[in-house]
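Note that ligands are numbered from 1 as they come in the structure, with each ligand's atoms numbered from 1 the same way.
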Amino acid sequence: MEYAILCSNCGKETQDPLHYRCSCGEPLNVCLKSDFERQGVRQKNYTIWRYEKFFPYVRKSDIITLGEGWTPLVMFSDKVYFKLESLNPTGSFKDRGSAVLLSALVRLVKEAGGYISEDSSGNAGASVAAYASRAGLRASIYVPQEVSGPKFSQIRFYGAETVKVSGGRSRVSEEAQKAAEGKFYVGHILHPLFRDGMRSLAYEIAEQLGWDCAERVYVPVSAGTLLLGVIEGFRHLVKSDAIDSMPKMVACQTEQVSPLYHRMRNLSYTPPSKIESVADALVSVNPPLLNLMVERLKEVKGEVVAVQEDKILNAFAELSGTGFFVEPSSAVAYAAFKMQSDSGKLLDDRKNVVVLTGTGLKTALRFDQLHS
Ligand SMILES: [Zn+2]
């Protein structure tokens with residue numbers, strides 16, 4: 001085997017790719033046993049599957065694709081490049097995870113005559129719904145009772161069945177995970193193969209920069225799948241000598257939803273009674289992967305920035321006003337870059353990358369709210 005799926009806490013290995021949690025309750029991780037080799041890249045493939053070789057648990061004949069990945073890396077200024085994850089098939093970076101996860105599991109789920117369940121009313125729900133329909137799998141997407149907006153419509157247009165659950169976000173998760181005949185829970189937050197799909201983003205950034213290292217990479221952080229997956233990808237590249245050093249990873253949170261920011265500083269965090277940030281994709285006040293995020297971010301000497309609401313709005317306005325129409329949640333990462341740039345923290349002549357995670361077409365924000 002070229003990989004193993006191991007518990008992040010007790011180290012126990014699982015052989016079942018459908019497992020999303022160790023028997024000790026802690027999250028699982030994919031550990032690769034082979035190196036990244038540049039000559040292993042499929043040069044004529046312009047999706048994440050140009051790195052197919054480095055996802056050894058996916059059979060080539062099982063690949064489910066909508067053309068995800070190989071998104072543009074656009075130079076915005078001398079100092080910063082934007083990685084346009086908003087241009088993925090369903091409009092967000094989550095497609096990397098959905099494509100890898102469903103490609104890995106489709107055969108097992110189909111053979112069992114089963115269907116998949118997921119809990120998300122946002123980008124992940126839409127993405128899993130799309131890949132399930134592409135795969136010919138039935139999907140049940142569990143959402144909060146009060147759900148509305150463009151992402152919920154998108155989930156339904158893809159043909160997924162939606163199940164509304166009252167009583168808060170954790171109740172939605174519980175219902176999605178509840179055992180039922182033929183049901184396979186593939187929740188994006190816990191499932192190690194979803195998170196592992198994010199490695200492809202690190203590979204792309206490195207390759208698109210000509211295998212030169214980025215100085216800093218800014219990612220918005222909520223549940224942590226993007227941050228953890230991208231760290232894993234860069235670590236794989238460094239360990240394999242495909243790039244010289246690890247970029248400084250900068251985790252970007254809103255001031256309102258900043259559990260990682262607080263934990264990294266050993267401060268206690270009390271979320272506001274109601275989250276009103278315009279960055280409405282960043283809502284994990286108590287993420288199940290928090291311990292793992294802290295551990296990894298410390299290991300790679302990363303940083304975390306918490307961004308004030310007015311700075312998010314300014315960054316969103318600047319991005320859209322220069323042609324980059326992204327979700328306000330993506331603007332959090334650009335705002336964090338600007339804060340560090342303004343404070344003189346960034347070195348000259350170095351390439352920094354801001355990951356613009358999702359499209360502005362899905363935002364509930366209206367023009368007159370921003371410009372009144
Ligand atoms: Zn364990």
Side-chain angles (χ1 to χ4, degrees), residues 1-34 54-58 94 96-98 100-105 107-109 112 114 116-120 124 128 142 169-180 183-200 202 221-236 238-239 249 251 259-260 262-264 266 269 284-302 304:
M1 284 285 233
E2 295 169 273
Y3 71 98
I5 302 174
L6 305 176
C7 174
S8 59
N9 176 47
C10 72
K12 189 171 136 191
E13 179 167 1
T14 176
Q15 303 290 343
D16 187 347
L18 290 163
H19 279 173
Y20 56 89
R21 197 184 253 152
C22 177
S23 50
C24 78
E26 294 300 315
L28 298 165
N29 284 323
V30 175
C31 300
L32 294 175
K33 292 178 180 170
S34 52
F54 313 110
F55 293 90
Y57 47 81
V58 175
K94 307 276 187 183
R96 298 177 185 275
S98 303
V100 168
L101 176 69
L102 289 192
S103 298
L105 301 186
R107 183 184 295 254
L108 286 164
V109 178
I116 56 169
S117 72
E118 152 77 314
D119 49 318
S120 161
V128 168
Y142 289 69
R169 186 63 182 82
S170 54
R171 285 277 306 118
V172 182
S173 263
E174 283 164 28
E175 286 300 315
Q177 290 175 30
K178 209 174 255 180
K183 178 172 160 187
F184 294 94
Y185 178 66
V186 299
H188 69 284
I189 294 172
L190 290 174
H191 211 294
L193 301 184
F194 184 94
R195 202 183 322 136
D196 199 49
M198 303 305 157
R199 272 194 289 121
S200 61
V221 173
S222 183
T225 57
L226 178 62
L227 176 72
L228 288 167
V230 169
I231 287 177
E232 222 46 63
F234 280 120
R235 290 215 298 193
H236 188 217
V238 172
K239 186 179 144 281
M249 291 300 304
L260 178 62
H262 282 81
R263 181 71 77 79
M264 287 289 283
N266 295 318
Y269 169 66
S284 296
V285 290
N286 187 19
L289 300 174
L290 184 59
N291 290 339
L292 194 56
M293 283 193 264
V294 171
E295 193 182 311
R296 287 291 181 276
L297 207 52
K298 284 183 176 166
E299 281 168 6
V300 299
K301 300 185 171 55
V304 53

**OP:** Assess R96 against F194: is NZ or CZ under 6.0 Å from the centre of the six-membered ring, and within 45 degrees of the ring's axis?
**Re:** no

Subject >> Partners meeting salt bridge (charged side-chain N to carboxylate O under 4.0 Å, His left out) with R263 (sequence neighbours left out) >> reply: none

Original post:
Any chance the side chains of D119 and Y185 put a donor and an acceptor closer than 3.5 Å?
Top reply: yes

Original post:
the Zn ion (ligand 1): which protein N, O or S atoms are under 2.8 Å away?
Top reply: C7 SG, C10 SG, C22 SG, C24 SG

Subject >> Worked verdict on L105 versus L193 for side-chain contact (heavy atoms from CB on, under 4.5 Å) >> reply: CA-CA 9 Å; L105 301 186; L193 301 184; 4.2 Å; yes

**OP:** Examine the side chains of R195 and T225 and answer whether a donor and an acceptor come within less than 3.5 Å of each other.
**Re:** no

Subject >> No-hydrogen, no-angle side-chain donor-acceptor test under 3.5 Å, Y57 and D196 >> reply: yes

